[in-house]
Amino acid sequence: MEDLVKQEKIILTVIMIIEDLVQDWELNLDEAISQETFLVNDLNFSSVDIIQLCVALEQNYERKLGFHELLMEDGKYVGDLSIQQISVFLESKLKNQ
Amino acid sequence: MTTRTLFIGMDGATFTVLNDLVAKSGEGPVMPFMAKIFDKGVRGVLRSTPNPLTPPAWVSLMTGRNPGNHGIFDFIRAEERGNDVFFTLYDSRDCKAEMLWSIASRQGKRVAALNFPFTAPPPKNLKGFMLPGFIPWRHLRRNSAPEDLYDRLKTIPDFNPKELAWDFEQEKQALDELTNEDRENWVRYHLPREKQWFCIADYLLREESPDLMAVMFDGVDKLQHQAWLFVDPNLQTGELSEYHLRMRKLCHDYFRQLDSFIEHLVTTAGPDVQVFMASDHGFTSTTEVVRINSYLHEKGYLEWKDVPDTEAGKRREDSMFAYLDWEKTIAYCRTPSSNGINIRVARNPGEAGIKPSDYETVRARLISDLEELKDPITGERIITEIHTREEVFPGASMEDAADLLLVLRDFGFVSIKNKKPVVELRAEIAGTHHPDGVFLAYGRGIKQGVVTEKCDIVDVGATLLYSLGLEVPSDLEGKVPHSIFNEDYLSEHPIVIGTPTNKHVKDNESARIEDDEKEKIMEQLRLLGYME
């Protein structure tokens with residue numbers, strides 16, 4: 001139960017930071033940003049935008065989070081990420097630190 | 001409250017051009033207010049960082065420390081990881097020395113810093129306003145401070161963040177070699193862009209009167225990279241085409257506008273303000289391409305990787321990133337802007353590279369081989385200076401610097417392309433960085449009509465703190481140049497050396513950049529002339 005609450009809190013934090021990030025981007029979103037939202041496919045993120053999101057999350061949690069572990073898979077960069085994936089990654093990182 | 005200190009940065013400004021623009025001609029000088037500052041203030045050459053490049057130089061100006069101490073050496077930080085090299089973007093968190101914005105803020109001074117590179121994300125202790133440079137418009141809000149600044153700026157008539165910020169997409173469209181029309185548009189693009197920065201500076205100056213108002217105009221550098229042929233007074237000889245004359249007039253329009261912005265800011269700041277102006281480096285002509293990795297290949301230090309004959313392979317070859325066989329490469333140049341050579345040292349068993357015990361021997365042989373690169377006709381050395389990092393980048397971050405720093409005979413940036421010949425004349429003269437930038441001072445307590453001795457870029461940070469009435473931290477390498485202030489002012493305001501800065505050495509690791517993004521950045525750098 002405690003874990004679920006923590007996960008929910010992380011998802012809300014990620015959504016809040018992304019909403020703040022994209023507020024001036026003039027995106028025409030059909031649906032509100034949720035854990036199912038993908039950064040590239042739904043929000044038109046470029047690589048620089050992903051870097052800036054990583055910086056924003058690290059600033060929020062006031063620690064290094066080693067995002068390369070999330071961004072790279074088998075030596076290659078992942079094509080897209082959902083908010084759910086980011087939240088799960090953050091939960092594991094925050095648990096271990 | 002009144003603004004005590006006004007700092008105007010002009011990226012790449014050089015006296016080679018400014019002297020021409022303040023000269024009286026038939027229609028009067030192109031920059032009449034700059035002419036007044038020449039007459040009523042102090043000016044002198046400002047020596048840039050050992051590699052006169054925007055990132056290390058502006059950060060040295062803002063910290064009063066050399067790159068070996070602040071740790072910013074290039075646009076892109078590269079890390080060797082096994083058999084590949086990963087590239088990351090530097091940001092303010094990578095800077096290991098405290099910037100003057102923080103030093104002034106924690107002593108109660110309100111500062112405004114506009115368009116300075118590597119100021120994003122802003123420092124937490126900032127007292128004042130910050131809108132960083134080199135940030136895409138979509139991230140200006142998040143990287144501005146305080147939180148409500150961005151919304152306030154939106155109330156400025158004609159405020160347009162897309163016009164203000166670096167536009168990756170626009171620059172992506174630029175070709176390796178610009179057509180005449182593209183080059184003309186490139187210069188035109190910077191006229192409204194600079195106006196955006198001016199309007200923000202003017203707004204904050206009028207509304208907030210920060211103790212230190214600082215704004216950087218980077219169009220000078222961008223214009224000179226692409227239009228040096230039309231700006232350098234030494235190149236205006238012979239019969240000039242209609243296009244050439246039109247471009248020269250357009251460049252003068254840019255400088256005329258910049259002059260009016262400077263005059264407006266100085267006037268708005270009031271008669272008691274001290275005004276300082278500086279560039280991060282100067283400018284000069286580059287006449288040849290030096291393909292340094294091709295030379296290292298010839299000498300057996302570097303092995304290229306085979307590029308497949310496919311679309312992807314072609315893109316890879318054009319990507320401007322050295323595509324090397326890391327198993328067989330022991331020395332290479334990572335980025336053209338670094339003008340440096342990295343030696344691969346095997347730190348752990350099984351790693352590629354030379355043994356640590358062979359480092360001195362290999363480096364000495366490499367230096368000797370680089371000295372041997374000579375003009376076949378005149379016998380003149382192509383690489384006139386070769387510095388070890390201990391010589392030019394001493395400090396806590398020296399290990400992050402390239403092992404050797406090269407200075408070419410025409411001050412150009414090297415090419416890292418796999419092409420021949422190693423040295424080739426450029427089809428057309430281009431602009432490149434020169435170590436001698438500019439430093440000017442004007443206003444209360446400043447001498448009049450004086451040309452001062454050469455200052456160092458790290459002196460500017462110390463001078464701005466002094467001008468704010470603050471002590472100069474004892475660990476700054478920069479010194480306040482006495483010669484620019486008059487005697488009365490110096491006796492009323494003695495220079496006091498105070499406690500050291502608050503260092504904030506962090507092990508932050510920026511997120512890595514994928515190939516696509518590297519490409520965008522490299523296209524920008526290519527456009528700015530750092531690439532062949």
Side-chain angles (χ1 to χ4, degrees), chain A residues 13-29 33 38-81 83 85-86 89-90 93 96-97, chain B residues 76-77 79 81-94 120-124 132 134-145 147 150-151 153-154 159-162 164-169 171-172 506-522 524:
Chain A
T13 302
V14 176
I15 290 175
M16 191 187 72
I17 288 173
I18 291 176
E19 282 175 345
D20 180 54
L21 206 69
V22 305
Q23 62 181 293
D24 302 305
W25 295 13
E26 297 157 6
L27 297 170
N28 287 318
L29 299 177
I33 296 172
F38 277 82
L39 298 181
V40 178
N41 203 31
D42 298 325
L43 301 177
N44 197 24
F45 265 52
S46 69
S47 310
V48 155
D49 301 328
I50 292 173
I51 290 171
Q52 290 290 335
L53 173 62
C54 295
V55 172
L57 289 166
E58 286 181 346
Q59 282 185 296
N60 181 74
Y61 289 106
E62 296 183 322
R63 68 187 81 177
K64 270 302 295 138
L65 293 164
F67 273 106
H68 59 281
E69 292 171 30
L70 176 69
L71 298 174
M72 294 194 78
E73 211 172 68
D74 300 328
K76 290 190 171 175
Y77 288 93
V78 296
D80 204 348
L81 282 172
I83 288 175
Q85 286 172 294
I86 298 169
F89 169 78
L90 286 175
K93 280 286 169 183
N96 295 334
Q97 288 183 6
Chain B
I76 295 167
R77 179 160 58 95
E79 288 171 33
R81 295 196 167 218
N83 280 336
D84 206 350
V85 176
F86 291 87
F87 293 86
T88 64
L89 275 180
Y90 278 117
D91 66 41
S92 67
R93 301 175 307 162
D94 295 306
K124 283 183 184 161
F134 293 64
I135 289 288
W137 75 268
R138 301 218 287 190
H139 300 284
L140 275 178
R141 176 190 287 277
R142 257 206 68 78
N143 286 297
S144 61
E147 220 168 75
Y150 194 81
D151 285 322
L153 298 181
K154 284 166 84 174
F159 172 72
N160 182 350
K162 292 181 189 172
L164 173 82
W166 271 41
D167 182 348
F168 284 175
E169 289 310 312
E171 293 175 18
K172 194 178 173 186
K506 288 179 183 174
D507 61 349
N508 279 318
E509 201 177 315
S510 307
R512 287 181 175 73
I513 316 167
E514 57 185 286
D515 282 350
D516 243 19
E517 199 50 51
K518 286 184 212 166
E519 259 314 282
K520 285 182 182 176
I521 292 163
M522 293 316 249
Q524 284 185 309

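In what follows, chains are A, B, ... by sequence order, proteins preceding strands, each numbered from 1.
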Exercise for the section: Could you verify whether a donor N or O on one side chain and an acceptor N or O on the other, from B/Arg142 and A/Gln59, lie under 3.5 Å apart? Expected result: yes

Exercise for the section: May I ask you to say whether B/Lys162 pairs ionically with A/Glu26, meaning some side-chain N is under 4.0 Å from a carboxylate O? Expected result: yes

Exercise for the section: Evaluate the side-chain proximity of B/Arg138 to A/Gln52: yes if any heavy-atom separation is below 4.5 Å, no if none is. Expected result: no

Exercise for the section: Please flag which part of B/Ile135 lies under 4.5 Å from any non-hydrogen atom of chain A: side chain, backbone, both or neither. Expected result: side chain

Problem - CH2 on B/Trp137 to CG on A/Asp24, rounded to 0.5 Å - result: 6.5 Å

Problem - Gap separating the CZ atom of B/Arg141 from the CG atom of A/Leu21, nearest 0.5 angstrom - result: 10.5 Å

